[in-house]
Amino acid sequence: MNEYMLVSDEVKDAVESGQPVVAFETAILTHGLPQPHNVELSKEVQAIAGSMGVVPAATAVIDGKLRVGLTDEEIEFLGTTPGVAKAGYRDLGMLIATKGSGGTTVAASITLAVMAGIRVFVTGGIGGVHRGAETTFDISADLIIMSKVNVATVCAGMKSILDIGLTMEVLETLGIPVIGYGTCILPGFHTRETAYKVPYTVKDSGDVARLMISKWGAGLKGSLLVTVPVPGEDEADPALLEDAIGRAVNEANEKGITGKDVTPYILHRVGELTGGATLKANLSLVRNNTRVGCDIAKCYSSSVRI
Ligand code: PSU
Ligand code: MN
């Protein structure tokens, strides 16, 4: 930790005393979900964590400070203020220098989480290799940073708008184990299943905690990617979803959208084209991932103390 970083007292105390803590991203708040769902969901996940006896640690950059542990007022500020940046790993230094504010992506959030000593992180879906990346080279920094920091990332799969097969290949190359939580099929973010198998399956949070302790205890570096299927009643219709993604990706190409604007644009358009089905799935899967992430944090903190 350093002068550029501010960790809330609640998070600091919990980390120091070995209590369970879960980190949350905020790019989903600033760029991933429409208002007012963005602020409502972000506050709700904090409340879910609290009710499970886990300290929530939302990460962000606010007025040039790297922040871990946000108040409801700060969540509202990030979710309603126009011009707040989407803060990827590459943007952190510049936001500090210019005293800017940003919602942190998975890559940036896990960086801040480990700087604060947190080992479990919850998101909706990770970034990855985009469709057409063989010509655009659009590959999310989420993958590279996950290969470097020791944190368990809980998600519902990679975002459905990506090339799932290519993303699985890059995850393998980078040495990031993809773990199915109670499933041997890779979850599809907005849907419960993809056409891909996961290399590892675990049955519960205790299994994940043992994996974390074993891998990092042995001195091996990098994330574990825990993939949890979206609850069945809230998944999107796979055929409707595929059609919407195809159209949204084409539109993004035609409009010349590139770089960090690609993911928010496609997610937003897919939401419109599916008549809100992906929004419903997104809200549900984040809540569900939060519960699983909190369970893992509790198992992990009780195991490391022994
Ligand atoms: N998952 C969601 N909504 C989002 C994102 C993920 O349900 O908005 C964000 C995450 O913060 C992820 C980022 O890190 O999108 C990836 O963006 P890019 O593809 O530009 O790296
Ligand atoms: Mn990208």
Side-chain angles (χ1 to χ4, degrees), residues 23-35 37-39 41-42 45 58-61 78-79 84-92 102-113 121-146 149 151 153-164 166-167 170 176 187-191 223 225 227-228 230 234-236 241 245 248-249 252-253 257-271 274 277-290 293:
F24 294 96
E25 66 148 304
T26 47
I28 186 169
L29 166 66
T30 57
H31 289 75
L33 290 172
Q35 287 184 32
H37 302 284
N38 61 344
V39 173
L41 181 74
S42 300
V45 297
T59 63
V61 189
L78 290 168
V84 169
K86 174 178 162 186
Y89 183 84
R90 68 149 193 209
D91 306 304
L92 295 175
T104 44
T105 65
V106 170
S109 300
I110 59 178
T111 302
L112 302 196
F121 165 73
V122 167
T123 182
I126 60 158
V129 183
H130 282 258
R131 300 179 186 201
E134 56 274 31
T135 50
T136 63
F137 268 63
D138 190 350
I139 302 174
S140 177
D142 291 357
L143 302 182
I144 309 279
I145 304 298
M146 273 197 290
V149 298
V151 64
T153 294
V154 182
C155 67
M158 48 220 73
K159 278 172 293 172
S160 51
I161 61 171
L162 301 168
D163 187 314
I164 309 299
L166 293 185
T167 304
V170 173
I176 301 163
F189 185 52
H190 294 125
T191 55
S223 295
L225 186 61
T227 59
V228 188
V230 57
D234 296 317
E235 76 172 331
L241 179 65
I245 293 170
V249 170
N253 289 336
I257 293 168
T258 56
K260 65 201 268 185
D261 299 330
V262 172
T263 296
Y265 177 84
I266 298 177
L267 281 174
H268 175 73
R269 269 307 274 155
V270 168
T274 58
T278 55
L279 176 61
K280 182 180 176 211
N282 210 337
L283 298 174
S284 172
L285 66 87
V286 172
R287 289 187 195 106
N288 191 50
N289 294 348
T290 300

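All ligand and atom numbering here is 1-based and tracks the order in the structure.
- The shortest contact between atom 11 (O) of ligand 1 and any protein heavy atom is with Glu25 OE1, 2.6 Å.
- Short contacts between ligand 1 and Ile28, defined as distances under 4.0 Å to a heavy atom of the residue, involve ligand atoms 3 (N), 7 (O), 8 (O).
- Counting the atoms of ligand 1 from 1 in the order shown, those under 4.0 Å from a heavy atom of His130 are 19 (O).
- The heavy atom nearest to atom 6 (C) of ligand 1, out of those in Gly125, Ala27, Ala87, is found in Gly125.
- Distance from atom 3 (N) of ligand 1 to its nearest protein heavy atom, with residue and atom name: Leu267 CD1, 3.6 Å.
- Taking the side chain as every heavy atom from C-beta outward, Arg131 and Leu166 never approach each other to under 4.5 Å.
- Between Thr104 and ligand 1, a contact under 3.5 Å exists for no N or O pair.
- Side-chain contact check for Val228 versus Cys155: every heavy-atom pair is 4.5 Å or farther apart.
- Considering only heavy atoms from C-beta on, Leu285 comes within 4.5 Å of Phe189 through its side chain.
- Of all protein heavy atoms, the one closest to atom 20 (O) of ligand 1 is Lys86 NZ, 2.7 Å.
- Ligand-side atoms of ligand 1 in range of Asn282: 7 (O), range being under 4.0 angstrom from any heavy atom.
- The two residues Leu143 and Gly128 make their nearest non-hydrogen contact at CD1-CA, 3.8 Å.
- Side chain of Lys260 to main chain of Lys86: a donor-acceptor pair is present (N/O by atom type, distance under 3.5 Å, no hydrogens or angles).
- Of all heavy-atom pairs spanning Ile161 and Val249, the tightest one is O-CG2, 4.5 Å.
- For the Mn ion (ligand 2), the set of protein N/O/S atoms nearer than 2.8 Å consists of Asp138 OD1, ordered by chain and number.
- Taking every heavy atom of both residues into account, Ser109 and Thr59 meet most closely at OG-OG1, 3.1 Å.
- Residues Val286 and Leu41 have side chains in contact (heavy-atom distance under 4.5 Å, counting atoms from C-beta outward).
- Scanning all protein heavy atoms for the shortest distance to atom 19 (O) of ligand 1 gives Thr263 OG1, 2.7 Å.
- The protein heavy atom nearest to atom 21 (O) of ligand 1 is Ser140 OG, 2.7 Å.
- A donor-acceptor pair is defined here as one N or O able to donate and one able to accept, closer than 3.5 Å; such a pair exists between the side chain of Asn38 and the backbone of Leu29.
- With a 4.5 Å cut-off on side-chain heavy atoms, Ile110 and Ile145 count as touching.
- For Lys159, a nitrogen or oxygen atom sits less than 3.5 Å from a nitrogen or oxygen atom of ligand 1, counting backbone and side chain alike.
- The nearest protein atom to atom 7 (O) of ligand 1, hydrogens excluded, is given as Phe189 CZ, 3.2 Å; this is a heavy-atom distance.
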### Verdict with reasoning, Val230 to Asn288, per side-chain contact (heavy atoms from CB on, under 4.5 Å)
CA-CA 7 Å; Val230 57; Asn288 191 50; over 6 Å; no

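- In this structure a side-chain-to-backbone donor-acceptor pair under 3.5 Å is missing from Thr153 to Leu225.
- Looking only at protein heavy atoms, the nearest one to atom 8 (O) of ligand 1 is Gly32 CA, 3.3 Å.
- A donor-acceptor pair under 3.5 Å is formed between the side chain of Asp142 and the backbone N or O of Ala107.
- Note on ligand 1: Gly88 sits outside its first shell, no heavy atom being nearer than 4.0 Å.
- Checking side-chain atoms of Asn282 against main-chain N and O of Thr278 turns up no donor-acceptor pair under 3.5 Å.
- Distances between N or O atoms of Val106 and those of ligand 1 include at least one value under 3.5 Å.
- Numbered from 1 in the order shown, with element, the atoms of ligand 1 that lie under 4.0 Å from a heavy atom of Asp142 read 12 (C), 14 (O), 16 (C).
- Contacts of Thr105 with ligand 1, taken as heavy-atom pairs under 4.0 Å, involve both backbone and side chain.
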